[in-house]
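To keep things clear, I will list the structure first and then write my remarks on it.
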Amino acid sequence: MAAGLLLAGCGGSSGGDGKGDEGKGTGSAPPSAPGSPAAPSATALPASLTSQRLDWHRCEAVGDSPAPGAAWRCATLKVPLDWSAPHGKTIGVSLIRSRATGGDRIGSLLFNFGGPGGSGLSAMPYFASAVSELHERYDLVSWDPRGVGASAGVRCRDDREIQTAETVDATPDTPAEEQAYFRDAADFGKDCQKAAGPLLAHVSTTDTARDMDLMRQVLGDDRLHYFGMSYGTEVGGVYAHLFPKRVGRLVLDAVVDPAADMVGHAENQARGFQRALDDYLKSTGQDPVRGSREIADLLRRLDAEPLPASSGRRLTQTLATTGIILPLYSESSWPRLTSALKSARQGDGSELLALADEYNEREASGRYGTTSHSQRVISCLDDKQRPTPAETKRRLARFERISPVFGAYLGWDTAGWCHDWPIPGQYDTPQVAAPGAAPILLIGNTGDPATPYEGTREMADELGRGVGIQLTWKGEGHGAYGSGSHCVDTTVNTYLLKGTVPKDGKVCS
């Protein structure tokens with residue numbers, strides 16, 4: 001589970017067995033029960049949307065993945081293109097569902113696996129085995145959010161153009177490299193505008209949260225039960241803000257810091273990835289300071305002279321950085337990083353390049369996935385900040401102090417990601433305050449590289465007193481649930497199945 005990684009990517013992680021104190025519950029989260037609509041749009045929607053009957057049918061294959069088994073059914077939900085004009089044009093959002101396997105059904109449990117840009121249609125069947133206990137009493141439901149995959153997915157460039165863009169230096173050192181970097185960024189925005197058309201202005205996190213509430217109504221649930229991972233936690237927080245009285249049992253795992261703007265989020269990730277790299281280096285018996293310096297030196301050499309790979313392509317500094325980032329998402333992948341770094345130091349860039357290709361969804365045939373395209377159109381519509389090249393260069397020293405390995409890469413990204421984007425962003429930080437909502441369970445992993453642990457407390461504070469309930473796992477990798485901690489899994493399952501809310505601040509070690 002590693003799609004749409006840099007801007008709060010999704011996925012599970014692997015770690016050691018965690019056993020912590022089983023704190024007594026402080027209350028119960030409500031089951032499905034009647035509630036009052038939380039926003040005017042909840043009552044203003046036409047019956048053609050709220051009363052639509054979904055045509056569930058056998059799911060087709062997604063990309064190169066085989067079609068899921070007979071237990072899975074797919075359907076298309078009509079949603080407004082523009083939520084400010086709900087009687088206007090609609091688009092289709094593709095859903096996947098497997099009915100509860102046992103009796104005493106609670107309702108639907110929606111999953112968002114992160115990104116932004118991750119496909120729920122492809123991820124949900126693979127994740128089902130990890131939530132088999134929940135599947136007994138919940139219909140498992142996921143979807144491709146608007147602008148993703150089967151839901152009017154945006155593809156901004158073809159494979160040849162993507163591969164050409166990979167040669168652009170993401171940490172420019174000369175005026176010529178800087179010019180090429182920002183020209184490519186601006187061209188990408190134009191390509192996305194051409195590909196997406198009017199949809200480009202309607203793929204925000206807020207749009208997706210409103211789609212979720214319509215989904216809830218059409219599925220027949222009075223309250224929303226939801227499991228969001230990584231970026232999916234931001235979606236969940238925004239939903240709670242818009243529809244606090246519709247919140248049922250919500251779990252947010254690998255929590256995005258809602259108080260961080262674009263620059264703050266990049267700093268958080270530089271800190272998180274460096275922390276994970278330090279932990280990796282310690283696990284191999286290396287001094288983190290010295291080990292990081294050696295990796296930074298390797299990257300500098302690659303900037304001057306890329307390494308050959310067995311595929312005939314070359315490992316650049318940018319691709320190598322990407323290849324180092326990927327295995328930090330899961331402790332089980334650390335041995336791959338050890339092998340790849342060893343090979344690179346011996347003059348062979350093949351293994352690091354293969355890791356970068358996994359991250360970039362590049363197949364051996366040269367075909368690329370489009371998660372990063374959807375990720376960019378969503379996040380650039382969300383984020384109002386547009387750091388200039390001059391502002392970014394002034395911040396680079398701070399980024400490099402935070403992380404000598406990833407600082408420059410993530411620092412430059414703040415300026416290039418949405419440079420000259422054709423649509424203005426919507427907010428500096430998302431609104432997630434949800435006074436009056438039922439308790440929401442937040443899981444923070446102390447070793448999380450992509451959504452550092454500190455964001456969990458920020459989300460709890462912004463949701464409001466008594467709403468955000470924090471659970472801590474002292475582990476490694478991105479996310480906590482399903483990562484080997486009996487304590488975490490039992491706490492989450494008890495909350496979702498029985499409504500028992502754990503003590504705020506519970507720790508699973």
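Note that the coordinates shown come from a computational prediction; the quantities given were computed from them, not determined experimentally. What's counted below: heavy atoms across the whole structure, side chains too, no hydrogens, waters or symmetry copies.
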Looking only at atom types and distance, does a side-chain atom of Asp144 sit under 3.5 Å from a main-chain N or O of Ser94, one as donor and one as acceptor? no

Could Arg367 and Asp159 be called an ion pair, given the rule that one side-chain N must be under 4.0 Å from one carboxylate O? no

Just checking, any donor-acceptor pair under 3.5 angstrom between side chains of His478 and Ser330? no

Does either side chain, that of Thr205 or that of Asp382, offer a donor lying less than 3.5 Å from an acceptor on the other one? yes

Aromatic ring proximity, centroids under 6.0 angstrom, Tyr329 and Phe273: yes

Just by distance, with hydrogens left out, do Asp211 and Trp83 show a side-chain donor and acceptor under 3.5 Å apart? yes

His419 ring center within less than 6.0 Å of Phe188 ring center: no

Consider only side-chain N and O atoms of Asp207 and His202, and report whether a donor and an acceptor are under 3.5 Å apart. no

Which of these, Phe227, Tyr481, Tyr138, Tyr126, sits in a ring pair (Phe, Tyr, Trp, His ring centres under 6.0 Å) with Phe111? Phe227

Any donor-acceptor pair under 3.5 Å from Tyr495 side chain to Leu250 backbone: yes

Passing option when Met212 is tested against Leu224, Leu242, Val238, Asn112 for side chain to side chain contact (heavy atoms under 4.5 Å, CB included): Leu224

With distance as the sole criterion, is a donor-acceptor pair present between the side chains of Thr451 and Tyr231 under 3.5 Å? no

Does the side chain of His135 come under 3.5 Å of the side chain of Ser98 through a donor N or O and an acceptor N or O? yes

